[in-house]
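The structure appears right after this line, and notes come after that.
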Amino acid sequence: MHNHDLPPAPRAAGADQVLAGYLQKQAGDFLRGLRLHGECGADTHGAADAARTLRGAAHRIRGTLHTFRALLDPAWADQLRTELAWLSGVLAEEHACTARLTRLLDALARLSGTQPVPAARTSAGGPATAGRAEGRPTPEDTGADPAPAPASGADPAPAPVSGAAPAAGRRGALTVGGARAGALLERQLTLGRTRAHSAALQALGSSRFHAVADAVALLASEVPLAATAGAPGAALAAHAEIAERRLLDAITALPLARAAHPYNAEALVHGLATASAGEAQDAPWHQVRHLLRLHAYAQEVLHARGGTGPGRRLVTAGRTLDRHRDAAEAAAAAATAARTPRIAPATAYALGVLHADQRHEVEAARFAFQRAWQEVAHGPDGPRDEHALAAP
(Lines give C-alpha, C1' and ligand atoms only; values in the text may rest on other atoms or scores of the structure.)
Protein backbone atom coordinates (compact mmCIF):
# COMPACT_ATOMS: atom_id res chain seq x y z
CA MET A 1 0.00 0.00 0.00
CA HIS A 2 3.01 2.27 0.02
CA ASN A 3 3.39 4.82 -2.75
CA HIS A 4 6.98 5.97 -2.45
CA ASP A 5 6.99 7.62 -5.89
CA LEU A 6 4.21 10.11 -5.16
CA PRO A 7 5.31 13.60 -6.28
CA PRO A 8 5.76 15.91 -3.30
CA ALA A 9 3.06 18.57 -3.08
CA PRO A 10 3.96 22.24 -2.62
CA ARG A 11 4.56 23.39 0.92
CA ALA A 12 1.32 24.37 2.66
CA ALA A 13 -0.63 23.07 -0.35
CA GLY A 14 -4.40 23.30 -0.17
CA ALA A 15 -6.77 20.38 -0.26
CA ASP A 16 -7.38 20.85 -3.99
CA GLN A 17 -3.67 20.65 -4.85
CA VAL A 18 -2.98 17.56 -2.74
CA LEU A 19 -6.10 15.71 -3.86
CA ALA A 20 -5.63 16.56 -7.52
CA GLY A 21 -1.98 15.50 -7.44
CA TYR A 22 -2.81 12.13 -5.92
CA LEU A 23 -5.68 11.39 -8.32
CA GLN A 24 -3.60 12.40 -11.32
CA LYS A 25 -0.80 10.11 -10.23
CA GLN A 26 -3.22 7.16 -9.91
CA ALA A 27 -4.79 8.00 -13.27
CA GLY A 28 -1.31 7.87 -14.79
CA ASP A 29 -0.75 4.42 -13.27
CA PHE A 30 -4.09 3.26 -14.68
CA LEU A 31 -3.19 4.45 -18.17
CA ARG A 32 0.26 2.85 -17.90
CA GLY A 33 -1.35 -0.48 -16.97
CA LEU A 34 -3.74 -0.12 -19.89
CA ARG A 35 -0.86 0.51 -22.29
CA LEU A 36 1.09 -2.47 -20.96
CA HIS A 37 -1.98 -4.68 -21.30
CA GLY A 38 -2.29 -3.71 -24.94
CA GLU A 39 1.39 -4.46 -25.58
CA CYS A 40 1.66 -7.82 -23.80
CA GLY A 41 0.10 -9.88 -26.60
CA ALA A 42 0.54 -13.58 -25.78
CA ASP A 43 2.68 -12.81 -22.71
CA THR A 44 0.38 -14.08 -19.95
CA HIS A 45 2.72 -12.91 -17.18
CA GLY A 46 2.71 -9.43 -18.68
CA ALA A 47 -1.07 -9.47 -18.98
CA ALA A 48 -1.39 -10.45 -15.32
CA ASP A 49 0.97 -7.68 -14.22
CA ALA A 50 -0.87 -5.13 -16.33
CA ALA A 51 -4.25 -6.23 -14.98
CA ARG A 52 -2.92 -5.96 -11.44
CA THR A 53 -1.70 -2.42 -12.13
CA LEU A 54 -5.09 -1.51 -13.57
CA ARG A 55 -6.93 -2.95 -10.56
CA GLY A 56 -4.63 -1.27 -8.05
CA ALA A 57 -5.04 2.16 -9.63
CA ALA A 58 -8.80 1.66 -10.00
CA HIS A 59 -9.11 0.70 -6.31
CA ARG A 60 -7.20 3.80 -5.20
CA ILE A 61 -9.17 6.16 -7.43
CA ARG A 62 -12.47 4.66 -6.24
CA GLY A 63 -11.48 4.86 -2.59
CA THR A 64 -10.33 8.46 -2.92
CA LEU A 65 -13.49 9.49 -4.75
CA HIS A 66 -15.52 7.92 -1.93
CA THR A 67 -13.65 9.40 1.03
CA PHE A 68 -13.17 12.90 -0.40
CA ARG A 69 -16.41 13.12 -2.37
CA ALA A 70 -17.37 16.43 -0.72
CA LEU A 71 -14.27 18.07 -2.22
CA LEU A 72 -15.07 16.84 -5.75
CA ASP A 73 -17.86 17.24 -8.27
CA PRO A 74 -20.26 14.70 -6.70
CA ALA A 75 -22.06 13.64 -9.89
CA TRP A 76 -18.77 13.03 -11.69
CA ALA A 77 -17.27 11.21 -8.70
CA ASP A 78 -20.26 8.90 -8.30
CA GLN A 79 -20.34 8.02 -12.00
CA LEU A 80 -16.63 7.23 -12.21
CA ARG A 81 -16.75 5.19 -8.98
CA THR A 82 -19.55 3.05 -10.38
CA GLU A 83 -17.72 2.38 -13.63
CA LEU A 84 -14.41 1.60 -11.92
CA ALA A 85 -16.20 -0.84 -9.59
CA TRP A 86 -17.58 -2.66 -12.63
CA LEU A 87 -14.19 -2.79 -14.31
CA SER A 88 -12.35 -3.96 -11.18
CA GLY A 89 -14.85 -6.74 -10.64
CA VAL A 90 -14.57 -8.00 -14.21
CA LEU A 91 -10.76 -7.96 -14.18
CA ALA A 92 -10.46 -9.61 -10.76
CA GLU A 93 -12.67 -12.64 -11.33
CA GLU A 94 -10.34 -14.58 -13.64
CA HIS A 95 -7.41 -14.33 -11.24
CA ALA A 96 -9.70 -15.13 -8.30
CA CYS A 97 -10.75 -18.45 -9.86
CA THR A 98 -7.14 -19.39 -10.62
CA ALA A 99 -5.87 -18.50 -7.15
CA ARG A 100 -8.79 -20.29 -5.48
CA LEU A 101 -8.14 -23.48 -7.43
CA THR A 102 -4.45 -23.36 -6.57
CA ARG A 103 -5.21 -22.87 -2.91
CA LEU A 104 -7.65 -25.78 -2.77
CA LEU A 105 -5.43 -28.20 -4.67
CA ASP A 106 -2.47 -27.32 -2.46
CA ALA A 107 -4.62 -27.90 0.62
CA LEU A 108 -5.82 -31.25 -0.71
CA ALA A 109 -2.24 -32.38 -1.30
CA ARG A 110 -1.22 -31.25 2.18
CA LEU A 111 -4.17 -32.96 3.86
CA SER A 112 -3.87 -36.23 1.95
CA GLY A 113 -0.08 -36.41 2.01
CA THR A 114 0.23 -36.69 -1.77
CA GLN A 115 3.00 -35.17 -3.83
CA PRO A 116 2.93 -33.48 -6.23
CA VAL A 117 -0.33 -31.57 -5.99
CA PRO A 118 -3.09 -33.35 -7.98
CA ALA A 119 -3.87 -31.91 -11.42
CA ALA A 120 -2.44 -28.98 -13.32
CA ARG A 121 -2.88 -25.60 -11.70
CA THR A 122 -3.00 -23.33 -14.74
CA SER A 123 -3.97 -23.67 -18.33
CA ALA A 124 -0.39 -22.81 -19.26
CA GLY A 125 0.81 -25.89 -17.37
CA GLY A 126 3.06 -24.05 -14.91
CA PRO A 127 2.74 -23.67 -11.17
CA ALA A 128 0.50 -20.91 -9.92
CA THR A 129 0.99 -18.63 -6.95
CA ALA A 130 -1.79 -18.60 -4.38
CA GLY A 131 -3.20 -15.49 -2.80
CA ARG A 132 -5.05 -12.44 -4.05
CA ALA A 133 -3.54 -9.71 -1.97
CA GLU A 134 -2.86 -6.65 -4.06
CA GLY A 135 0.72 -6.50 -5.24
CA ARG A 136 1.43 -10.21 -4.99
CA PRO A 137 2.30 -12.35 -8.05
CA THR A 138 -0.71 -13.65 -9.92
CA PRO A 139 -1.08 -16.95 -11.83
CA GLU A 140 -1.26 -16.74 -15.59
CA ASP A 141 -4.20 -17.88 -17.62
CA THR A 142 -4.51 -18.53 -21.35
CA GLY A 143 -8.25 -19.10 -21.48
CA ALA A 144 -8.01 -22.76 -22.49
CA ASP A 145 -11.19 -24.76 -22.64
CA PRO A 146 -12.12 -26.62 -19.45
CA ALA A 147 -12.02 -30.37 -19.20
CA PRO A 148 -15.20 -32.04 -20.45
CA ALA A 149 -17.82 -32.56 -17.76
CA PRO A 150 -18.78 -36.09 -16.79
CA ALA A 151 -22.27 -37.22 -17.56
CA SER A 152 -25.10 -36.90 -15.05
CA GLY A 153 -23.06 -34.91 -12.55
CA ALA A 154 -20.99 -37.94 -11.55
CA ASP A 155 -17.45 -37.73 -10.27
CA PRO A 156 -14.86 -36.78 -12.87
CA ALA A 157 -12.02 -39.17 -13.52
CA PRO A 158 -9.23 -38.98 -10.96
CA ALA A 159 -6.45 -36.54 -11.77
CA PRO A 160 -3.12 -38.25 -12.52
CA VAL A 161 -0.70 -38.00 -9.62
CA SER A 162 2.82 -38.99 -10.57
CA GLY A 163 4.67 -40.65 -7.75
CA ALA A 164 1.87 -40.07 -5.22
CA ALA A 165 1.69 -42.50 -2.35
CA PRO A 166 -1.24 -42.87 0.06
CA ALA A 167 -0.61 -41.55 3.55
CA ALA A 168 -0.85 -43.96 6.44
CA GLY A 169 -3.64 -44.22 8.98
CA ARG A 170 -6.50 -41.76 8.92
CA ARG A 171 -5.26 -40.08 5.72
CA GLY A 172 -6.05 -43.21 3.71
CA ALA A 173 -9.73 -42.37 3.20
CA LEU A 174 -8.86 -38.79 2.26
CA THR A 175 -6.30 -40.00 -0.27
CA VAL A 176 -8.95 -42.19 -1.93
CA GLY A 177 -11.35 -39.30 -2.51
CA GLY A 178 -8.75 -36.55 -2.80
CA ALA A 179 -7.91 -37.16 -6.46
CA ARG A 180 -11.57 -37.15 -7.50
CA ALA A 181 -12.27 -34.11 -5.33
CA GLY A 182 -9.34 -32.31 -6.97
CA ALA A 183 -10.59 -33.22 -10.45
CA LEU A 184 -14.08 -31.99 -9.58
CA LEU A 185 -12.72 -28.68 -8.27
CA GLU A 186 -10.49 -28.39 -11.33
CA ARG A 187 -13.46 -28.84 -13.64
CA GLN A 188 -15.73 -26.39 -11.84
CA LEU A 189 -13.19 -23.62 -11.21
CA THR A 190 -11.56 -23.92 -14.62
CA LEU A 191 -14.98 -23.46 -16.17
CA GLY A 192 -15.47 -20.36 -14.02
CA ARG A 193 -12.03 -19.06 -14.96
CA THR A 194 -12.68 -19.56 -18.67
CA ARG A 195 -15.96 -17.69 -18.45
CA ALA A 196 -14.28 -14.90 -16.49
CA HIS A 197 -11.49 -14.70 -19.09
CA SER A 198 -14.04 -14.35 -21.88
CA ALA A 199 -15.97 -11.73 -19.90
CA ALA A 200 -12.77 -9.73 -19.30
CA LEU A 201 -11.86 -9.78 -22.99
CA GLN A 202 -15.37 -8.72 -23.91
CA ALA A 203 -15.31 -5.91 -21.33
CA LEU A 204 -11.94 -4.58 -22.49
CA GLY A 205 -13.27 -4.32 -26.03
CA SER A 206 -16.58 -2.69 -25.11
CA SER A 207 -17.64 0.92 -25.56
CA ARG A 208 -18.27 1.06 -21.81
CA PHE A 209 -14.62 0.33 -21.07
CA HIS A 210 -13.43 2.89 -23.60
CA ALA A 211 -15.66 5.47 -21.91
CA VAL A 212 -14.01 4.63 -18.56
CA ALA A 213 -10.54 4.89 -20.10
CA ASP A 214 -11.43 8.28 -21.59
CA ALA A 215 -12.71 9.50 -18.21
CA VAL A 216 -9.49 8.42 -16.50
CA ALA A 217 -7.41 10.05 -19.25
CA LEU A 218 -9.22 13.33 -18.59
CA LEU A 219 -8.64 12.84 -14.87
CA ALA A 220 -4.90 12.63 -15.51
CA SER A 221 -4.95 16.22 -16.76
CA GLU A 222 -7.85 17.82 -14.89
CA VAL A 223 -9.67 16.92 -11.68
CA PRO A 224 -13.29 18.17 -11.39
CA LEU A 225 -13.28 19.83 -7.97
CA ALA A 226 -16.14 21.21 -5.92
CA ALA A 227 -16.32 24.92 -5.19
CA THR A 228 -15.21 24.25 -1.60
CA ALA A 229 -12.10 22.31 -2.57
CA GLY A 230 -9.93 25.38 -2.16
CA ALA A 231 -10.11 24.84 1.60
CA PRO A 232 -6.87 24.40 3.58
CA GLY A 233 -5.16 21.05 3.61
CA ALA A 234 -6.75 20.37 6.99
CA ALA A 235 -9.99 19.65 5.13
CA LEU A 236 -8.42 16.44 3.86
CA ALA A 237 -7.65 15.33 7.42
CA ALA A 238 -11.25 15.95 8.45
CA HIS A 239 -12.61 13.64 5.75
CA ALA A 240 -9.90 11.04 6.41
CA GLU A 241 -10.89 11.07 10.07
CA ILE A 242 -14.45 10.15 9.11
CA ALA A 243 -13.12 7.13 7.20
CA GLU A 244 -11.02 6.17 10.21
CA ARG A 245 -13.97 6.44 12.58
CA ARG A 246 -16.09 4.19 10.38
CA LEU A 247 -13.31 1.62 10.45
CA LEU A 248 -12.98 1.83 14.22
CA ASP A 249 -16.73 1.41 14.68
CA ALA A 250 -16.76 -1.65 12.41
CA ILE A 251 -13.84 -3.25 14.26
CA THR A 252 -15.51 -2.57 17.60
CA ALA A 253 -18.48 -4.63 16.39
CA LEU A 254 -16.26 -7.65 15.61
CA PRO A 255 -16.03 -10.52 18.14
CA LEU A 256 -12.34 -9.77 18.80
CA ALA A 257 -12.50 -11.16 22.34
CA ARG A 258 -13.44 -14.56 20.96
CA ALA A 259 -10.98 -14.29 18.08
CA ALA A 260 -8.22 -13.74 20.67
CA HIS A 261 -8.46 -17.45 21.56
CA PRO A 262 -6.94 -19.71 18.89
CA TYR A 263 -8.94 -22.73 17.76
CA ASN A 264 -12.17 -21.43 19.28
CA ALA A 265 -14.02 -23.17 16.37
CA GLU A 266 -16.47 -20.30 15.85
CA ALA A 267 -15.60 -19.94 12.17
CA LEU A 268 -15.85 -23.71 11.69
CA VAL A 269 -19.13 -24.21 13.53
CA HIS A 270 -20.84 -21.38 11.69
CA GLY A 271 -19.26 -22.48 8.44
CA LEU A 272 -20.95 -25.87 8.74
CA ALA A 273 -24.35 -24.19 8.87
CA THR A 274 -26.28 -23.08 5.78
CA ALA A 275 -24.46 -21.10 3.12
CA SER A 276 -26.36 -17.94 4.02
CA ALA A 277 -25.39 -18.29 7.70
CA GLY A 278 -21.74 -18.67 6.78
CA GLU A 279 -21.84 -15.61 4.57
CA ALA A 280 -23.59 -13.63 7.29
CA GLN A 281 -20.87 -14.31 9.86
CA ASP A 282 -18.09 -13.53 7.35
CA ALA A 283 -19.69 -10.31 6.11
CA PRO A 284 -18.61 -8.06 9.04
CA TRP A 285 -14.99 -9.13 8.54
CA HIS A 286 -15.19 -8.44 4.81
CA GLN A 287 -16.66 -5.01 5.59
CA VAL A 288 -13.75 -4.25 7.91
CA ARG A 289 -11.35 -5.22 5.13
CA HIS A 290 -13.12 -2.78 2.78
CA LEU A 291 -13.04 0.04 5.34
CA LEU A 292 -9.39 -0.68 6.15
CA ARG A 293 -8.49 -0.19 2.51
CA LEU A 294 -10.42 3.08 2.36
CA HIS A 295 -8.55 4.28 5.44
CA ALA A 296 -5.21 3.21 3.95
CA TYR A 297 -5.87 5.08 0.71
CA ALA A 298 -6.89 8.17 2.69
CA GLN A 299 -3.57 7.96 4.53
CA GLU A 300 -1.77 7.84 1.20
CA VAL A 301 -3.50 11.08 0.19
CA LEU A 302 -2.72 12.79 3.50
CA HIS A 303 0.96 11.86 3.41
CA ALA A 304 1.51 12.29 -0.34
CA ARG A 305 3.89 15.18 0.31
CA GLY A 306 6.33 12.88 2.06
CA GLY A 307 5.86 10.06 -0.42
CA THR A 308 4.67 7.72 2.35
CA GLY A 309 1.47 5.86 3.02
CA PRO A 310 -0.07 3.74 5.77
CA GLY A 311 2.25 2.28 8.38
CA ARG A 312 3.69 -1.21 8.21
CA ARG A 313 1.42 -2.65 10.88
CA LEU A 314 -1.68 -1.30 9.17
CA VAL A 315 -0.52 -2.97 5.97
CA THR A 316 -0.03 -6.22 7.92
CA ALA A 317 -3.60 -6.04 9.24
CA GLY A 318 -4.87 -5.54 5.70
CA ARG A 319 -2.97 -8.55 4.36
CA THR A 320 -4.36 -10.67 7.18
CA LEU A 321 -7.88 -9.75 6.14
CA ASP A 322 -6.96 -10.60 2.54
CA ARG A 323 -6.06 -14.08 3.79
CA HIS A 324 -9.38 -14.22 5.62
CA ARG A 325 -11.26 -13.40 2.42
CA ASP A 326 -9.30 -15.94 0.39
CA ALA A 327 -9.93 -18.75 2.89
CA ALA A 328 -13.64 -17.93 3.19
CA GLU A 329 -14.10 -17.98 -0.58
CA ALA A 330 -12.13 -21.21 -0.93
CA ALA A 331 -14.29 -22.85 1.74
CA ALA A 332 -17.41 -21.74 -0.15
CA ALA A 333 -16.02 -23.27 -3.36
CA ALA A 334 -15.39 -26.58 -1.57
CA ALA A 335 -18.93 -26.54 -0.19
CA THR A 336 -20.32 -25.85 -3.67
CA ALA A 337 -18.40 -28.81 -5.08
CA ALA A 338 -19.66 -31.02 -2.27
CA ARG A 339 -23.25 -30.25 -3.31
CA THR A 340 -22.65 -31.79 -6.76
CA PRO A 341 -25.29 -34.52 -7.28
CA ARG A 342 -24.32 -38.19 -7.08
CA ILE A 343 -20.70 -37.81 -6.03
CA ALA A 344 -19.06 -40.76 -4.33
CA PRO A 345 -18.91 -40.84 -0.50
CA ALA A 346 -15.11 -40.72 -0.54
CA THR A 347 -15.22 -37.58 -2.70
CA ALA A 348 -17.76 -35.95 -0.41
CA TYR A 349 -15.60 -36.84 2.59
CA ALA A 350 -12.51 -35.26 1.03
CA LEU A 351 -14.42 -32.09 0.19
CA GLY A 352 -15.81 -31.94 3.73
CA VAL A 353 -12.33 -32.19 5.21
CA LEU A 354 -11.14 -29.53 2.76
CA HIS A 355 -14.01 -27.24 3.72
CA ALA A 356 -13.20 -27.64 7.42
CA ASP A 357 -9.52 -26.95 6.72
CA GLN A 358 -10.32 -23.67 4.98
CA ARG A 359 -12.72 -22.62 7.73
CA HIS A 360 -9.90 -23.21 10.21
CA GLU A 361 -7.81 -20.91 8.01
CA VAL A 362 -10.58 -18.31 8.34
CA GLU A 363 -10.36 -18.64 12.11
CA ALA A 364 -6.56 -18.41 12.06
CA ALA A 365 -6.74 -15.19 10.03
CA ARG A 366 -9.16 -13.70 12.56
CA PHE A 367 -6.79 -14.61 15.37
CA ALA A 368 -3.86 -13.04 13.49
CA PHE A 369 -5.86 -9.88 12.76
CA GLN A 370 -6.85 -9.55 16.41
CA ARG A 371 -3.20 -9.76 17.47
CA ALA A 372 -2.03 -7.32 14.79
CA TRP A 373 -4.80 -4.86 15.58
CA GLN A 374 -4.25 -4.91 19.32
CA GLU A 375 -0.53 -4.43 18.76
CA VAL A 376 -1.22 -1.37 16.63
CA ALA A 377 -3.75 0.07 19.01
CA HIS A 378 -2.13 -0.74 22.34
CA GLY A 379 1.63 -0.59 21.91
CA PRO A 380 3.41 -0.36 25.31
CA ASP A 381 5.02 2.96 24.37
CA GLY A 382 2.14 4.42 22.45
CA PRO A 383 1.53 3.95 18.71
CA ARG A 384 4.15 1.70 17.15
CA ASP A 385 4.39 3.59 13.86
CA GLU A 386 3.69 7.00 12.44
CA HIS A 387 0.24 6.28 11.04
CA ALA A 388 -1.10 3.74 13.56
CA LEU A 389 -4.78 4.03 14.36
CA ALA A 390 -6.04 5.00 17.76
CA ALA A 391 -7.66 2.33 19.89
CA PRO A 392 -11.43 2.01 19.45
Side-chain angles (χ1 to χ4, degrees), residues 1-9 15-37 48-73 76-92 95 132-136 138 209 212-213 215-225 229 236-237 239-240 242-244 246-247 288-312 314-315 317-319 321-322 325 387:
M1 292 183 183
H2 291 272
N3 268 323
H4 297 291
D5 55 347
L6 289 171
D16 54 347
Q17 294 172 291
V18 176
L19 187 57
Y22 180 82
L23 284 171
Q24 287 171 343
K25 193 271 176 187
Q26 300 305 323
D29 287 349
F30 181 96
L31 296 174
R32 179 171 58 85
L34 181 58
R35 175 178 57 81
L36 292 174
H37 196 279
D49 289 341
R52 188 167 62 252
T53 299
L54 280 171
R55 293 199 309 269
H59 286 320
R60 284 175 166 81
I61 295 172
R62 283 175 55 210
T64 303
L65 296 181
H66 175 82
T67 301
F68 302 103
R69 180 178 182 273
L71 301 177
L72 300 162
D73 180 333
W76 167 82
D78 292 344
Q79 173 69 15
L80 186 54
R81 275 177 54 208
T82 300
E83 294 305 289
L84 288 174
W86 161 75
L87 180 60
S88 297
V90 170
L91 293 179
H95 168 55
R132 288 170 53 192
E134 187 178 296
R136 296 175 62 186
T138 57
F209 169 75
V212 176
V216 176
L218 290 175
L219 175 62
S221 59
E222 181 181 0
V223 178
L225 297 165
L236 291 173
H239 290 286
I242 295 174
E244 178 179 348
R246 287 172 178 163
L247 171 62
V288 167
R289 175 181 173 272
H290 171 68
L291 295 174
L292 187 64
R293 295 179 77 175
L294 290 179
H295 171 72
Y297 298 154
Q299 292 299 306
E300 289 183 358
V301 175
L302 289 181
H303 300 281
R305 280 177 256 185
T308 61
R312 177 178 57 84
L314 187 60
V315 172
R319 289 175 177 169
L321 290 178
D322 285 342
R325 184 268 321 271
H387 310 309

Nearest-0.5 Å distance, CG of residue Leu218 to CH2 of residue Trp76: 9.5 Å

Derivation and outcome, side-chain contact (heavy atoms from CB on, under 4.5 Å), residues Leu314 and Leu292: CA-CA 8 Å; Leu314 187 60; Leu292 187 64; 3.2 Å; yes

All side chain to side chain contact (heavy atoms under 4.5 Å, CB included) counterparts of Ala213, not counting sequence neighbours: Leu34

Minimum heavy-atom distance Arg246-Leu291, with the two atoms named: O-CD1, 3.6 Å

Derivation and outcome, side-chain contact (heavy atoms from CB on, under 4.5 Å), residues Leu87 and Phe30: CA-CA 12 Å; Leu87 180 60; Phe30 181 96; 3.7 Å; yes

Over all atoms of both residues, closest heavy-atom pair of Asp29 and Thr53: O-CG2, 3.5 Å

Distance (rounded to the nearest 0.5 Å) between Arg62 CZ and Thr82 OG1: 9.0 Å

Least distance between heavy atoms, Arg55 atom then Leu91 atom: NH1-O, 3.8 Å

Heavy-atom side-chain proximity of Phe68 to Tyr22 below 4.5 angstrom: no

Val301 side chain near Tyr297 side chain, heavy-atom distance below 4.5 Å: no

Side chain proximity check, Gln299 to His295, heavy atoms < 4.5 angstrom: yes

Heavy-atom check, side chain of Leu19 versus side chain of Val223, under 4.5 Å: no

Over all atoms of both residues, closest heavy-atom pair of Ala15 and Leu71: CB-CD1, 4.2 Å

Reported CD-to-CG distance for the pair Gln79 and Leu65, which is rounded to 0.5 angstrom: 11.5 Å

Pairwise distance CD(Gln26) to CG(Leu84) - rounded to 0.5 angstrom: 11.5 Å

Arg60 CZ to Glu300 CD distance, which is reported to the nearest 0.5 Å: 4.5 Å

Distance in Å, Glu244 CD paired with Thr67 OG1, rounded so as to fall on 0.5 Å steps: 11.5 Å

Side chain to side chain contact (heavy atoms under 4.5 Å, CB included) involving Arg35 - partner list, sequence neighbours excluded: Arg32, Glu39

Derivation of the side-chain contact (heavy atoms from CB on, under 4.5 Å) call for His59 and Ser88: CA-CA 7 Å; His59 286 320; Ser88 297; 4.0 Å; yes

Least distance between heavy atoms, Leu302 atom then Ala237 atom: CD2-N, 3.6 Å

Check against side-chain contact (heavy atoms from CB on, under 4.5 Å), Thr64 and Ile61: CA-CA 5 Å; Thr64 303; Ile61 295 172; 5.9 Å; no

Least distance between heavy atoms, Leu80 atom then Ala215 atom: CD1-CB, 4.0 Å

Non-neighbouring partners of Asp78 that pass side-chain hydrogen bond (donor to acceptor under 3.5 Å, both in side chains), sequence neighbours left out: Arg69

Non-neighbouring partners of Ala27 that pass side chain to side chain contact (heavy atoms under 4.5 Å, CB included), sequence neighbours left out: Val216, Leu219, Ala220

